[in-house]
Every structure is written in C-alpha cells, then in structure tokens.
Peer 1: 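What follows is a single structure, and I will ask about it in a moment.
Computed from heavy atoms alone, side chains included, the values below leave out hydrogens, waters and symmetry copies.
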Number of protein chains: 2
Amino acid sequence: MPEPRTAPKGDPLTRQSLLDAAAAIMVEDGYAAATTRSVASRAGVNNALVYYYFGTMDELFLELFRHGAERSFERLEVALTSEQPLWGLWDLIHDFSGSALTMELIALANHRKAIRAEISAYSKRFRTRQLELLTGVLEGYGVNLDEWPVTSVVLLMAGISRYLLIEEAFDVQIGHRETVALIERHITALEGRRRVPRAAAKARA
Amino acid sequence: MPEPRTAPKGDPLTRQSLLDAAAAIMVEDGYAAATTRSVASRAGVNNALVYYYFGTMDELFLELFRHGAERSFERLEVALTSEQPLWGLWDLIHDFSGSALTMELIALANHRKAIRAEISAYSKRFRTRQLELLTGVLEGYGVNLDEWPVTSVVLLMAGISRYLLIEEAFDVQIGHRETVALIERHITALEGRRRVPRAAAKARA
DNA sequence: GTCTATAGCTGGATAGAC
DNA sequence: GTCTATCCAGCTATAGAC
C-alpha cells in the first residue's frame, strides 16, 4: 500500500521535517523539550505550522510512534523469517537506533492517555507476532518448550537488551560485554555462528 | 548517625510532606506533572515553600532520589547477607514499590544534568556492591563463573524484572507468569525453596 | 502553505508582609 | 515558617494577513 487512504494535507517535506525535528529533540533533551516552538524552530518553520499539520502535539507524538512501530514490525517479519531467526531477532532488539526515542515515548505515555493506548496495543501485536513466528523455529531446534517457553526466551532477550541500553545511557557498563557474550553463546548453540550481517548497526564510541 | 551533620532548615514534617507529595505525583502523572505548584498544593502548603525548603525543583528531585537510593542500598546489604542471597536479591529487584518512581527519575535524568550524575554514580556503587557480596555466594553454590559471570546473573535478573514492570504498566502481560517461574526455578536449583518471607510485597490486582 | 500577532494559561522564582 | 502578590518566561492554540 504505497498510497495512504487519505493523503495528509500540506507539504510532505515540511511534515516530515517536523517529525524528524521532534524525534531529534526528544532523543537529545527528553520529551518535555519537544514543544511546538522548539520543534518548529528546529525544522526551520513557524510554530503555528505544527497545528496546521498535526492539530495537537499529541497527534504529532502519535504519528512519530506509528512510523517507528510500523518500521519495527516490518523488520520483525524479515528477521524472523530469515535463515537465522534468533540472530535476526537479537540484532533487531539489541539495535541502538530508535531505542532512545522509544524510551522517551514510553515515559511520555505515563501521562498521555492516547499514547499509552497506542503503545499498549502495538506491544501486544508485536509480541503476539513474535510468538507466532518463533514457536516453530524453537521447536525445530529441539528446544524443550516446557523449560524454555517461547515467551520467556523473547522476554529475556528483550529485557536484558533494554536494560543494557538504559545503563549505557548512564555510563554504567559493568559486565555488559560478558553478558552480551553469554546471550550470543546461547544463540550460537542453537543456530550456529551469525551468518547474516548485523542489520544497520550504529557506530558506537 | 541519628543526627545529620547539618540539620536541614524548616519543619521536618513539612519538608517530608513535600517530598511525599512529589513522589506521589510523579508516580501517578509523570515527572512533568511535579511542579512547584502541584507539589505544594498536594502537600497542603503554599508553593513558595518549595523554594524555602529546597531552593530549586532540581534539589527536591535529588533529595527524593537520594532517599530512595539509600533505602535500596540498605535493603541490598540485608538481602545479600541473608540466608538466601539470591532469593533476597530477586525479591528486592523484583519489588514493585519504588520502581515506578525510579523510572520517572530515570526519564527526568535525560535532561537534568545533576540528576543524571547522581543516578550514574549511585548505579555504579550499587552494582559494585552487588558483585562484592554475590561472588562468594555463587562460588559457594559451585556455579561455573566463566559460563555464568556474576555480573551477567545480576544483569539478567535486573533486566528481566525491570522489563516485566514496564510491560505491566502498559497492560502487557503475555508470558510474564512463565518467565517469573523460569527465573525462580533457577534460583531454587541453586539455593532451594524460598524460606525467607518476600519483603513487603505490594498487593497486586 | 506559511507567516505575524496575540489571547490565555501555567510554571519557576523572588520580595516582602505577617 | 508560611503566606500573598507579583514578575517574567515559555507554552498551547487560534485568528487572520499574505
């Protein structure tokens, strides 16, 4: 579906630059810093345009989330139907890009009902799809699903990965290397060494 | 040390009620809702008192964090020197109370330098102490520390626990029960069934 | 589509009365 | 200690000119 049902009004470039500006500000200074003025200013336009394009800041935030969510969903499909689904899932989950923004949106959701509902619905959909696609894979690897339920495997990978990112943001890295190695050892035991390229890994200092 | 070196000025009760009010508001509506006016109003006093007691909102947030951090550190000592250190650690980490506030403070830290620094320093101290106390314990249990580094055990427990709490906040609970069971199975394998009472567990719906 | 101008509100912070 | 009063900054949102 390359053509949305109702084409959003206005200049698509301006619209996108507002979304990009909002994302950048949220990552750099937190969601509270993403105001109509700061976003518009960074996008190089007047703040009244935020209302012209999105109506309210809530709508802008929602659109930002939906963009990222849709992209993640597509990447999930690719990862879990690839030759090495576990490696694909790990790389996807462990990917730095987007995580900072996601965490800001989660924080934002704490006091924005619409955003909370959107994230909640999406998370369930995402998790459900993960399970659908991964159950057969783990069965194929001969994993004992009573001892290692698919949900738990997914939760462990996601949880540890998210936690490492949070700690890194606070410059705490004690034991991170060993822990990543531990996870990757287990993945290797199931589906061999990583043969697929790590998807679009960001350079890290 | 029942007497602090420099007694904070003002009425200790008012001071505490301001801190309590700030904590409650942050948990309920997010850190952005904790303003001088909202905090003072909830504490039943005038908003100018926030400045009388704390000077700035930043100082209030810092004091809030330090209180919780100190309490956590004490609980860590108790847990890790108890008869069942792993169960103690798990209960401490997995405790619901305080986690919501912690997450708000983490979000807040994203754009408040002073708070970021405080959390960073505390986290390192906390992790270091965990390792000091837990290394001997795991050795005593005959754990292969090359395969399961102490840091990784701690990170896995903390990461999964935190992630479960975040998901619960979004009403996503798919696989949570099984995953908690999995972790507790492993703890049981090392140090037997839980014999110590779960510390101050909050009732959950 | 993009702008200026402005209304209306909320927040941080301070001065000074009691 | 606690309050009232007030200043100023910054924000959302709208009206209307170009």
Peer 1: Are B:His176 and B:Tyr163 an aromatic pair by the rule of ring centers under 6.0 Å?
Peer 2: no

Peer 1: Closer to the 5' end of DNA chain D via nearest nucleotide, is it B:Ala48 or B:Asp11?
Peer 2: B:Asp11

Peer 1: Distance check needed: D:dG1 P versus B:Gln16 CD, whole Å only.
Peer 2: 16 Å

Peer 1: The side chain of B:Thr35 is closest to which nucleotide in this list: C:dG11, D:dC3, C:dC3?
Peer 2: C:dG11

Peer 1: Only one of B:Leu62, B:Val50, B:Leu108 forms a side-chain contact (heavy atoms from CB on, under 4.5 Å) with B:Met57, so which one is it?
Peer 2: B:Val50

Peer 1: Need one value for B:Ser38: base, sugar-phosphate or nothing, where a base atom within 4.0 Å counts as base even if backbone is also close, heavy atoms only.
Peer 2: nothing

Peer 1: Looking only at side-chain atoms of B:Tyr52, point me to the closest of C:dC3, C:dA13, D:dG1.
Peer 2: D:dG1

Peer 1: Quick one: B:Arg37 CZ to C:dC9 P, roughly how many Å, whole number?
Peer 2: 14 Å

Peer 1: In whole angstrom, give the distance that lies between atom CG of B:Leu60 and atom P of C:dG11.
Peer 2: 15 Å

Peer 1: For C:dA13, does either OP1 or OP2 sit under 4.0 Å from a side-chain N or O belonging to B:Tyr51?
Peer 2: yes

Peer 1: Whole angstroms only, please: what is the CZ-P distance between A:Phe54 and C:dT2?
Peer 2: 12 Å

Peer 1: Please verify the inter-ring angle class for A:Tyr122 with A:Phe65; under 30° counts as parallel, over 60° as perpendicular, anything in between as tilted.
Peer 2: perpendicular

Peer 1: On the 0 to 90° scale, with breaks at 30° and 60°, tag the B:Trp148-A:His186 ring pair as parallel, tilted or perpendicular.
Peer 2: tilted

Peer 1: Could you tell me if A:Asp58 and A:Thr56 have a donor-acceptor pair between their side chains, going purely by distance under 3.5 Å?
Peer 2: no

Peer 1: Taking atom P of D:dG16 as reference, at what distance in whole Å does atom CG of A:Asn46 sit?
Peer 2: 17 Å

Peer 1: Determine the contact category for B:Tyr53: base if any of its heavy atoms lies under 4.0 Å from a base atom, sugar-phosphate if only primed atoms, P, OP1 or OP2 are that close, otherwise nothing.
Peer 2: sugar-phosphate

Peer 1: Any side-chain N or O of A:Thr14 less than 4.0 Å from the OP1 or OP2 oxygen of C:dG1?
Peer 2: no

Peer 1: Looking at B:Thr36, does any N or O in its side chain come under 4.0 Å of the phosphate oxygens OP1/OP2 on C:dG12?
Peer 2: yes

Peer 1: Rounded off to whole Å, could you give me the CG-to-P distance for the A:Leu18 and C:dC3 pair?
Peer 2: 10 Å

Peer 1: Just how far, in rounded Å, is P of D:dA9 from CE of B:Met57?
Peer 2: 21 Å

Peer 1: Can you check the B:Asn47 CG to C:dT10 C1' distance for me, whole Å?
Peer 2: 11 Å

